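Let me begin by presenting the structure, written as structure tokens, before commenting on it.
All figures in this text were calculated on a predicted structure; none of them were measured in a lab.
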Amino acid sequence: MSYVALYRKWRPDEFQEVKGQEHIVTTLKNQIKHNRVGHAYLFCGTRGTGKTTIARLIAKAINCENPVDGSPCNQCESCKAIAQGASMNVIEIDAASNNGVDSVRQINDAVRYSPSTGKYLVYIIDEVHMLTNAAYNALLKTLEEPPEYVKFILATTDVQTIPVTVLSRCQRYDFKRISLDIIADRLEELLKRENIPATREAINYVAKAADGSMRDALSILDQCIAFNLGEEVTYDKVLEIVGSVDLDIYLSLFNHIKARDTKSALAIVDDAIWAGKDLSVFVNEFTTFMRDLLMLKYNSEATVDVTSENLPKLIEAGADVEDEKLIGFINIMQETAGKIKYASTKRIVLEVAIIKLCTPQMRQDDTALKERLADIEERLSQGVTGEPQVVYVTANQVPEGANIHPGEVPAIAPTPAYTQAVSVEVDDKDLEQAIIKNIKERYKEAELLEIKQICYAWSVVKAQVIKPVREFLQGASVVPSNTATSTIDLFIEDTEENQLAIGYFNNKENLDDLEDKIAVITERRVHLNFRKTGRKEINSDQIRKWDLSKINFDNIEYKK
């Protein structure tokens with residue numbers, strides 16, 4: 001006899017064995033017991049949560065000759081035929097491959113004839129969201145008023161695409177993702193039936209990897225059993241099969257990110273790639289790891305999927321990280337998870353994300369601004385010589401004996417007497433302004449050659465400003481001004497689609513704000529001269545005449 005996959009072999013054959021969907025099972029059993037079965041059902045939910053299983057159980061129960069408490073007896077001829085897939089009363093249709101109007105017309109024709117044996121004809125249409133609009137329209141009348149011996153059960157993983165005309169004709173049931181504990185208990189029960197030893201830690205990890213899908217959990221378990229054939233299924237062996245990374249790797253990666261050790265962080269990513277790890281799984285698990293750190297900061301007894309031995313390591317790793325910084329990290333990794341899923345070069349997407357985590361200068365969020373200002377403070381506290389620095393101070397932070405009033409922006413020379421006690425404690429808007437003022441004091445005005453270079457690298461500059469301004473700049477072009485030094489002419493074509501951008505840059509405050517942002521990005525102060533006119537492009541011959549090798553800003557990568 002050929003091997004049968006675990007999810008097929010142990011598919012529930014009565015309602016009592018369905019796990020994690022008690023709210024649906026109870027309702028359906030009561031309907032069957034009291035002969036109140038509807039004519040059309042719509043089952044919605046993610047993959048592997050029991051939609052098709054419960055649909056088959058309904059078909060068996062309403063055709064069963066001796067139902068027991070609303071469940072099929074599994075002993076009569078009707079139950080056996082349905083279980084074997086040989087019953088003429090249960091028709092399963094895959095709408096993904098039979099999605100045309102002709103397939104629905106065949107159903108409309110077939111329902112005219114009552115079943116020769118049994119009580120009901122049951123049509124189970126899986127992936128019903130794949131039907132065409134014409135197929136939906138052809139099904140509507142039959143779905144609304146089918147013969148009394150016909151029942152429809154529609155299943156979908158994408159309910160948002162189902163027409164409202166179909167939704168209104170069905171009883172809708174939403175299947176939840178199955179919890180980790182329920183999946184793990186079910187796996188442990190089935191392993192005992194199969195007489196296969198496994199550690200609870202390994203079972204829990206399989207359940208976690210399934211992401212709420214019982215079928216996925218059984219498929220992963222099948223692989224693990226095959227890999228460890230004749231041996232106990234252990235946590236380490238499951239890690240090899242799933243392609244996941246051990247917790248110590250994530251701890252090490254997080255510590256390197258905290259230390260801004262980009263080289264070591266990227267080395268961990270490189271090792272994971274060469275070890276054949278799934279980068280999508282890597283991103284999702286590292287995001288979950290940082291989520292666990294955040295939860296443990298608020299509650300040391302929070303529910304996290306780690307062993308008792310590893311729990312203190314997580315608490316220690318996140319103890320010295322600010323909440324908003326951790327949330328910023330999580331947001332970056334969530335964005336990466338969305339991008340990496342469809343990226344053709346997943347490695348590049350992940351490496352760029354790691355570099356952003358390690359380098360505050362590449363991020364535009366408030367946390368990154370605070371980190372950059374903290375760097376300035378640290379250099380001041382170490383007595384770094386150079387030009388006077390500008391920072392904000394509050395009442396409790398004014399150095400003793402210093403002639404500084406809280407809330408002012410004093411120019412503080414980098415001497416130990418002043419810098420040792422300087423720190424920052426202001427709201428986010430003030431903080432950003434403090435950094436801008438500091439930059440404007442520290443960096444000189446751009447010279448002509450530098451202005452040319454900024455214009456040449458304008459696409460890089462534009463990519464680093466905040467989103468609304470970046471969108472306004474999409475229709476703009478820049479050239480060095482012929483009338484003033486340290487000035488860039490900013491041209492925007494006077495068209496209807498550019499009116500919002502023109503209105504924005506006609507405001508002097510907005511233009512000043514953009515100048516400040518450019519100063520932060522390029523470490524040079526520039527002046528912008530806004531002109532509402534036709535587009536101006538930099539002449540390629542003019543670019544070749546510019547000597548771009550003499551100036552090299554750390555924060556700009558320009559074309560060679």
Side-chain angles (χ1 to χ4, degrees), residues 324 328 331-332 335-336 338-339 352-353 355-356 359-373 426-443 445-446 450-481 484 486-538 553-559:
E324 56 185 329
N331 288 337
I332 290 174
E335 291 176 7
T336 305
K339 294 176 183 177
V352 169
I355 293 172
K356 287 176 67 177
T359 314
Q361 291 87 343
M362 298 187 64
R363 310 197 304 270
Q364 297 297 317
D365 55 275
D366 294 338
T367 305
L369 292 173
K370 289 183 179 179
E371 288 186 57
R372 293 164 71 179
L373 187 55
V426 291
D427 60 37
D428 295 338
K429 186 177 294 185
D430 289 341
L431 178 61
E432 182 176 357
Q433 291 301 317
I435 293 175
I436 290 172
K437 289 177 182 297
N438 184 283
I439 292 295
K440 291 178 73 170
E441 290 291 330
R442 291 177 63 193
Y443 298 110
E445 289 192 350
E450 297 168 333
I451 287 290
K452 291 179 178 181
Q453 185 176 357
I454 293 172
C455 291
Y456 189 60
W458 184 250
S459 61
V460 180
V461 175
K462 181 171 62 177
Q464 297 189 53
V465 300
I466 60 176
K467 187 175 182 180
V469 181
R470 185 166 65 245
E471 291 176 350
F472 289 149
L473 290 172
Q474 290 304 317
S477 57
V478 293
V479 294
S481 175
S486 303
T487 303
I488 293 175
D489 288 338
L490 176 68
F491 295 95
I492 296 184
E493 189 175 5
D494 189 6
T495 63
E496 183 177 351
E497 64 181 11
N498 287 338
Q499 290 308 305
L500 283 176
I502 290 171
Y504 181 85
F505 290 117
N506 266 331
N507 187 316
K508 182 65 166 56
E509 292 184 0
N510 293 337
L511 208 60
D512 290 344
D513 183 62
L514 180 57
E515 290 178 0
D516 291 338
K517 293 297 193 303
I518 295 174
V520 173
I521 295 167
T522 67
E523 299 184 352
R524 288 294 184 273
R525 294 168 57 191
V526 302
H527 302 287
L528 294 177
N529 181 24
F530 173 61
R531 295 187 180 183
K532 182 178 67 173
T533 183
R535 290 184 61 84
K536 299 284 184 179
E537 301 292 346
I538 300 176
F553 298 144
D554 292 336
N555 292 342
I556 292 187
E557 297 177 4
Y558 57 87
K559 301 176 184 176

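- Take Leu511 and apply the side chain to side chain contact (heavy atoms under 4.5 Å, CB included) test, not counting sequence neighbours, and it matches Leu490, Phe505, Leu528, Phe530.
- We find the NZ-CD1 distance between Lys452 and Ile454 to be 13.0 Å, quoted to the nearest 0.5 Å.
- Between Arg525 and Ile518 the shortest side-chain heavy-atom distance does not fall below 4.5 Å.
- Here the CD atom belonging to Glu496 is positioned 11.0 Å from the CD1 atom belonging to Ile502, to the nearest 0.5 angstrom.
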Which is it for Ile492 and Phe472 under the side-chain contact (heavy atoms from CB on, under 4.5 Å) test, yes or no, and what are the steps along the way? CA-CA 9 Å; Ile492 296 184; Phe472 289 149; 6.0 Å; no
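- In this structure, the separation between OG on Ser486 and CD on Glu515 is 10.5 Å, given to the nearest 0.5 Å.
- The shortest distance between side-chain heavy atoms of Ile488 and Ile451 falls below 4.5 Å.
- With sequence neighbours excluded, the residues satisfying side-chain hydrogen bond (donor to acceptor under 3.5 Å, both in side chains) with Asn529 are Asp489.
- Here the straight-line distance linking atom CG of Asn506 with atom NZ of Lys532 works out to 6.5 Å at 0.5 Å rounding.
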